[in-house]
Participant: 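First the structure, which I've put down as structure tokens, then a few questions once you've had a look.
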Amino acid sequence: MSGDDFAFLDLPAIEAAPRLLGCILEREIDGHVVRAEIVETEAYDQTDAASHSYKGRTPRTDVMFGPSGHLYVYFTYGMHYCCNIVTSGDGHGAAVLIRAVEPLEGMEVIEKRRGRTGVETTNGPAKLCRALGIDKRMNGHDLRHAPLKLVVQDALSESAITRTTRIGISRAIEKPWRFYITGNPYVSKF
DNA sequence: AGCGGGATTTTCT
DNA sequence: GAAAATCCCGCTT
């Protein structure tokens, strides 16, 4: 796939989130290539009390208001990074949190970076950032380019996707804006 | 398997 | 000063 593969990221986050399932993150790190399939996502947008962008544009959330297809990385709990893919074009303050990925290539590199094996390497938003070497320096990165690319795949069928409420938030907990590939062992919580 | 607490720092009230 | 889009360890069933 090529060209305007990223066009769907100009849709609202709630529509882009399920569409990102099955897409691949390709990372060049430590002289190796690591590839992982996105298996769990959550949508956040400016009308949403749980979103970092809810209260408007700030230095922290600046990237969420920028062009789609870029990476929004935030730091939390004093030690963890989590990453989002910015959606809906300019000015809307929306993004999709990547909550879990399934390693496809470079598992040795991932396990070494994590100090864990199997599903424990990437079944959570901060875990996968550690595994793929995503931190503050990656904030704002355009996913069209190395060393971290989003490789868009065909949309999964609706029957392969489970939709539920989001995890780890205290506001707008009722919104069913979490999506995951049904039965995938790398999903953070069933 | 499940619960409780600690780590540790940025951001907002 | 408190909360935070979390993770890991240790203790109890």
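Within every chain, numbering begins at 1; the chains are lettered A, B, ... in the order of the sequence lines, protein sequences first and strands thereafter. This is a predicted model, so every value here is computed, not measured.
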Participant: Using modelled atom types and a 3.5 Å cut-off, is there a donor and acceptor pairing between side-chain atoms of A:Asn123 and backbone atoms of A:Val187?
Facilitator: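 Not at all, since once roles are kept as given, no pair shorter than 3.5 Å links the two residues.
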Participant: Could you state the atom-to-atom distance from NZ of A:Lys136 to P of B:dT10 in whole Å?
Facilitator: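 About 7 Å, once rounded to whole Å.
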Participant: State which residues pass ring-ring contact (aromatic ring centres under 6.0 Å, His included) with A:Phe75; sequence neighbours excluded, sorted by chain then number.
Facilitator: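 For A:Phe75 the ring-ring contact (aromatic ring centres under 6.0 Å, His included) partners, ignoring immediate neighbours, are A:Tyr81.
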Participant: OP1, OP2 of B:dT11 versus side-chain N and O of A:Lys55: anything below 4.0 Å?
Facilitator: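 No.
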Participant: Does A:Glu111 pair with A:Arg116 as a salt bridge, N-O distance under 4.0 Å?
Facilitator: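 The answer is no: the pair does not qualify as a salt bridge.
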Participant: What's the gap between B:dG5 and C:dA3 when it is taken at their P atoms, as a whole Å value?
Facilitator: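 Their P atoms lie roughly 15 Å apart.
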Participant: Can you tell me the distance, in whole Å, between the CZ atom of A:Arg57 and the C1' atom of B:dT11?
Facilitator: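 After rounding, the reported distance stands at 18 Å.
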Participant: Using a 3.5 Å distance criterion without hydrogens, assess whether the side chain of A:Arg166 forms a donor-acceptor pair with backbone atoms of A:Ala172.
Facilitator: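 Answer holds: yes.
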Participant: Verify, without hydrogens or angle tests, whether A:His70 (side chain) and A:Gly140 (backbone) share a donor-acceptor contact under 3.5 angstrom.
Facilitator: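 Pair found, side chain donor or acceptor close to backbone of A:Gly140.
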Participant: For B:dC12, does either OP1 or OP2 sit under 4.0 Å from a side-chain N or O belonging to A:Thr58?
Facilitator: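 Indeed, a polar side-chain atom of A:Thr58 lies that close.
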Participant: What I want to find out is whether A:Arg113 reaches A:Asp30 closely enough, with some N-O distance under 4.0 Å, to be called a salt bridge.
Facilitator: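 Judged by the 4.0 Å cut-off on N to carboxylate O distance, A:Arg113 and A:Asp30 do form a salt bridge.
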Participant: Which dot-bracket notation, 5' to 3', represents the base pairing of DNA chain C when pairs are defined as Watson-Crick or G-U with both distances under 3.5 Å, crossing pairs as [ ], and inter-strand pairs as |?
Facilitator: ||||.|||||||.
Participant: Listed in order of residue number, which residues of residues 70-79 of chain A have a non-hydrogen atom at under 4.0 Å from DNA chain C?
Facilitator: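 By residue number: A:Tyr74, A:Tyr77.
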Participant: Assess the pair A:His92 and A:Phe65: is the distance between their ring centroids shorter than 6.0 Å?
Facilitator: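 That pair fails the under 6.0 Å test.
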Participant: Ignoring hydrogens and geometry, is there a side-chain-to-backbone donor-acceptor pair from A:Thr58 to A:Thr61 under 3.5 Å?
Facilitator: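 Yes, because the side chain of A:Thr58 sits within donor-acceptor range (under 3.5 Å) of the backbone of A:Thr61.
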Participant: Calculate the interatomic distance between A:Asp62 atom CG and B:dT10 atom P; express it in whole Å.
Facilitator: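 Going from A:Asp62 (CG) to B:dT10 (P), I get 18 Å.
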Participant: I'd like the P distance from C:dA2 over to B:dG6, given in whole Å.
Facilitator: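 It comes out at 15 Å once rounded to the nearest Å.
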Participant: With a strict under 4.0 Å distance from non-hydrogen atoms of chain A, what nucleotide opens and what nucleotide closes the contacted stretch of DNA chain C, reading 5' to 3'?
Facilitator: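 That gives a stretch of C:dA4 to C:dC9.
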Participant: Give a yes or no on whether the backbone of A:Glu174 and the side-chain of A:Thr165 come within a donor-acceptor separation of less than 3.5 Å.
Facilitator: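 No.
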Participant: Is the closest side-chain heavy-atom distance between A:Arg27 and A:Glu105 below 4.5 Å?
Facilitator: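 Of all side-chain heavy-atom pairs linking A:Glu105 with A:Arg27, none is under 4.5 Å.
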Participant: Verify, without hydrogens or angle tests, whether A:Asn84 (side chain) and A:Tyr72 (backbone) share a donor-acceptor contact under 3.5 angstrom.
Facilitator: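 The answer is yes, because a donor-acceptor pair under 3.5 Å joins these two groups.
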Participant: Kindly state which residues belonging to residues 169-183 of chain A come within less than 4.0 angstrom of DNA chain C, counting heavy atoms of the residue only, listed by number.
Facilitator: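 Heavy-atom cutoff 4.0 Å gives A:Ile169, A:Ser170.
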Participant: Do any N or O atoms from the side chain of A:Thr41 and from the backbone of A:Val96 form a donor-acceptor pair under 3.5 angstrom?
Facilitator: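 Not confirmed, A:Thr41 side chain does not pair with A:Val96 backbone.
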Participant: When we call it a touch if two heavy atoms are under 4.0 Å apart, what does A:Arg166 touch: a base, just sugar-phosphate, or nothing?
Facilitator: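 The residue A:Arg166 makes no contact with any strand.
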Participant: Is any NZ, NE, NH1 or NH2 atom of the basic residue among A:Glu120 and A:Arg114 found under 4.0 Å from an Asp or Glu carboxylate oxygen of the other?
Facilitator: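 Result for this pair is no, no salt bridge flagged.
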Participant: Ignoring hydrogens and angles, tell me if any N or O in the side chain of A:Asp10 forms a donor-acceptor pair with the backbone of A:Gly89 under 3.5 Å.
Facilitator: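 Between the backbone of A:Gly89 and the side chain of A:Asp10 there is a qualifying donor-acceptor contact (under 3.5 Å).
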Participant: Are A:Asp48 and A:Lys175 ion-paired here, with the side-chain N under 4.0 Å from a carboxylate O?
Facilitator: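 Salt bridge: no.
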Participant: Just to be sure I understand the geometry, which residues of residues 118-132 of chain A put a non-hydrogen atom under 4.0 Å away from DNA chain C?
Facilitator: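 Output list: A:Gly124, A:Pro125, A:Ala126, A:Lys127.
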Participant: Any chance you could measure A:Phe190, atom CZ, to A:Tyr180, atom OH, to the nearest 0.5 Å?
Facilitator: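 OH of A:Tyr180 is found 7.0 Å from CZ of A:Phe190.
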Participant: Between A:Arg114 and A:Gly168, just flag the one whose closest nucleotide in DNA chain C comes earlier from the 5' side.
Facilitator: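 Whichever sits nearer the 5' end wins; that is A:Gly168.
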